[in-house]
**Q** 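Quick one: the structure is below, questions incoming.
Throughout, protein chains are lettered first and strands after them, A, B, ... in sequence-line order, and every chain is numbered starting at 1.
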Amino acid sequence: MAVAQVFRFKNKITMKIASFNVNSIKVRLEHVKKFLIEENIDVLLLQELKCIKENFPFNEIENLGFKVIVNGQKSYNGVAIISKFPIKLISNFLPNISNGKDDGQARFLDVKILDFRIICVYLPNGNPIETEKYEYKLNWLKRLTSYCKKLYQTNEKIIIGGDFNIIQKDIDCYDPKVWINDALFTDKVKNYLKEILNFGFVDAYRIIKPSSQEYSFWDYQNGAWQKDHGIRIDLFLLSPEVADLLDDTGIFKKIRGHSKPSDHVPIWLKLN
DNA sequence: ATGGCAAGGGTTCCTTGA
């Protein structure tokens, strides 16, 4: 009995996965390195690199013992996945509904790490509404919903993480009145997220903390951080197979108070 | 006391973000 217990303990998979919209990897490199090391991160999803692949600091990250996959773009967007375990690229774009092709914006990575299917997303902001930016966001959500539906049917261990640019509910922002008619908070946008959740995905944060009010983004302007006027828009969506493994989750708020912070902070989860 | 951001790219300001 004791032997069996030790055996089981030794073979238990423990993983800490995080997601961080860095708002320029160049400016936030030291924050990322410190976070990876001090918080014992196994897998990190990054958004808003704001650089092309050639300018990503591969050496700095790989020297810490990580593998890296980058989907870069000049000036805007850009996503990456950093992992202690080998990464196999499945797709670096979210296919168009009409022709299955890339749309040229680096906002998506789908990879396999161990037996997990891990998807890194950076959704469009979409403001102002009733413009083509908003239409692009709705179209992106339509494509993501379609992708998630197919993905769900594979019954794999799926983790979709990143900056969703969606405030799901009133509790996910300091003042819902401020966000009326904002592209992060319209019914159309929220309904796409609901549809994805209705397939059977769950918001990891709400499993562990059903009624907590915490944020993952504070605007640089108007003293938003000092007044705690934030929003929770960075999310991990889990398939049931992963939700069963969820041990803990949280928002790494303190990094927002450091010098030269991103306007987002990392979110993380532990699987056991 | 009443205006208050940041980053990239490229130039002395524009775009984008949320």
Side-chain angles (χ1 to χ4, degrees), chain A residues 19-32 45-57 60 70-80 103-108 120-141 144 161-190 192-193 205 213-235 251-253 255-267:
Chain A
S19 173
F20 186 14
N21 179 323
V22 289
N23 184 20
S24 165
I25 186 61
K26 185 183 163 192
V27 177
R28 235 64 66 189
L29 180 59
E30 293 309 314
H31 284 200
V32 169
L45 318 182
L46 296 177
Q47 302 87 33
E48 279 208 88
L49 303 176
K50 294 188 171 178
C51 71
I52 56 173
K53 188 176 178 178
E54 290 71 18
N55 292 339
F56 187 90
E60 298 261 8
V70 173
N71 180 11
Q73 184 180 336
K74 191 177 176 180
S75 306
Y76 313 114
N77 310 322
V79 288
D103 69 3
Q105 294 202 21
R107 298 177 172 278
F108 187 85
C120 174
V121 295
Y122 172 47
L123 269 78
N125 171 295
N127 274 309
I129 58 167
E130 312 309 335
T131 63
E132 45 183 57
K133 286 185 181 180
Y134 186 60
E135 290 306 313
Y136 178 74
K137 181 176 194 170
L138 294 178
N139 181 261
W140 214 92
L141 275 161
L144 183 64
D163 176 0
F164 280 73
N165 268 321
I166 300 171
I167 301 164
Q168 288 185 77
K169 296 189 173 168
D170 289 3
I171 193 177
D172 298 309
C173 62
Y174 77 95
D175 181 7
K177 289 192 296 291
V178 172
W179 297 96
I180 294 168
N181 294 323
D182 189 285
L184 278 67
F185 200 54
T186 64
D187 286 338
K188 275 187 186 173
V189 164
K190 285 188 277 191
Y192 274 114
L193 183 54
Y205 183 84
Q213 189 157 16
E214 287 184 286
Y215 311 124
S216 67
F217 169 92
W218 294 261
D219 201 297
Y220 287 122
Q221 299 183 66
N222 307 320
W225 167 246
Q226 288 75 12
K227 291 184 273 191
D228 199 25
H229 289 181
I231 51 181
R232 192 176 71 91
I233 55 175
D234 297 87
L235 313 171
I251 301 178
F252 196 67
K253 184 178 176 180
I255 203 171
R256 186 65 175 77
H258 292 179
S259 67
K260 296 282 279 179
S262 169
D263 39 9
H264 294 251
V265 299
I267 57 170

**Q** Return the value, rounded to whole Å, for the distance between atom CZ of A:Phe217 and atom C1' of B:dT16.
**A**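 It works out to 12 Å between those atoms.
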**Q** Against A:Asn127, only a single residue in A:Asp182, A:Asn181, A:Asn165 fulfils side chain to side chain donor-acceptor pair (under 3.5 Å); can you say which?
**A**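 Option passing the side chain to side chain donor-acceptor pair (under 3.5 Å) with A:Asn127: A:Asp182.
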**Q** Pick the C1' atom in B:dT2 and in B:dA6, then give their distance to the nearest Å.
**A** 22 Å
**Q** In whole angstrom, what separates A:Tyr220's OH from B:dG8's P?
**A**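 Result: 10 Å.
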**Q** A:Asp263 has an atom CG; how far is it from atom C1' of B:dG17, in whole Å?
**A**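 Result: 7 Å.
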**Q** Can you check the distance between B:dA7 and B:dA1, where both ends of the measurement are the C1' atom (answer in whole Å)?
**A** 30 Å
**Q** Distance check needed: B:dT15 P versus A:Lys50 NZ, whole Å only.
**A** 15 Å
**Q** Rounded to whole angstroms, how far apart are CG on A:Leu49 and P on B:dA7?
**A**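 Checked: the CG to P distance equals 15 Å.
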**Q** Taking only the side-chain nitrogens and oxygens of A:Lys260, find out if one of them lies under 4.0 Å from OP1 or OP2 of B:dA7.
**A**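 A:Lys260 to B:dA7 OP1/OP2: side-chain N or O found under 4.0 Å.
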**Q** Measure CG/A:Asn222 against P/B:dG17 and give the value in whole Å, please.
**A**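 After rounding, the reported distance stands at 19 Å.
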**Q** Rounding to the closest angstrom, what is the interatomic distance between B:dT15 and B:dT11 at atom P?
**A** 13 Å
**Q** In whole Å, I'd like the distance from the CG atom of A:Asn55 to the P atom of B:dG8.
**A**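 Answer to the nearest Å: 11 Å.
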**Q** Rounded to whole Å, how long is the line connecting atom CD of A:Gln226 with atom C1' of B:dC5?
**A** 11 Å
**Q** When you compare B:dT16 with B:dG10, how far apart are their P atoms, in angstrom units rounded to a whole number?
**A**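 The answer is 15 Å between these two P atoms.
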**Q** Between the main-chain N or O of A:Glu214 and the side-chain N or O of A:Lys253, is there a donor-acceptor pair closer than 3.5 Å?
**A** no
**Q** Could you work out which one of B:dC5, B:dG9, B:dA7 sits closest to the side chain of A:Arg28?
**A**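 Nearest nucleotide to the side chain: B:dA7.
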**Q** Could you give the distance from SG (A:Cys51) to CG (A:Asn77), rounded to the nearest 0.5 Å?
**A**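 If we round to the nearest 0.5 Å, A:Cys51:SG and A:Asn77:CG are 11.5 Å apart.
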**Q** So what does A:Tyr122 hit on the nucleic acid, given a heavy-atom distance under 4.0 Å: a base, only sugar-phosphate, or nothing?
**A** sugar-phosphate
**Q** NA contact type, A:His229, heavy-atom cut-off 4.0 Å: base, sugar-phosphate, or nothing?
**A**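 Answer is nothing: A:His229 stays at 4.0 Å or more from every strand.
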**Q** Backbone N or O of A:His264 within a donor-acceptor pair of the A:Ser216 side chain at under 3.5 Å?
**A** no
**Q** On DNA chain B, check which nucleotide each of A:Val27 and A:Leu184 is closest to and give me the residue with the more 5' one.
**A** A:Val27
**Q** Supply the atom-to-atom distance A:Leu45 CG to A:Asp163 CG, rounded to the nearest 0.5 angstrom.
**A** 11.5 Å
**Q** With respect to the side chain of A:Ser75, which nucleotide from B:dG9, B:dG17, B:dA7 is positioned closest?
**A**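 The listed nucleotide nearest to A:Ser75's side chain is B:dG9.
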**Q** Closer than 3.5 angstrom, by distance alone: can the side chain of A:Lys227 be matched with the main-chain N or O of A:Asn222 as a donor-acceptor pair?
**A**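 Yes, the answer is positive, given that a donor and an acceptor are paired below the 3.5 Å cut-off.
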**Q** When you check the phosphate oxygens OP1 and OP2 of B:dG8, does a side-chain N or O of A:Ser24 lie under 4.0 Å from one of them?
**A** yes
**Q** Scan A:Asn77 against the nucleic acid and name what it touches under 4.0 Å (heavy atoms): base, sugar-phosphate only, or nothing.
**A**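 Contact class for A:Asn77: none.
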**Q** Does B:dG10 have OP1 or OP2 under 4.0 Å away from a side-chain N or O of A:Lys74?
**A**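 Yes, such a contact exists.
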**Q** Heavy-atom nearest nucleotide on DNA chain B for A:Lys133 versus A:Gly223: which residue maps closer to 5'?
**A** A:Gly223
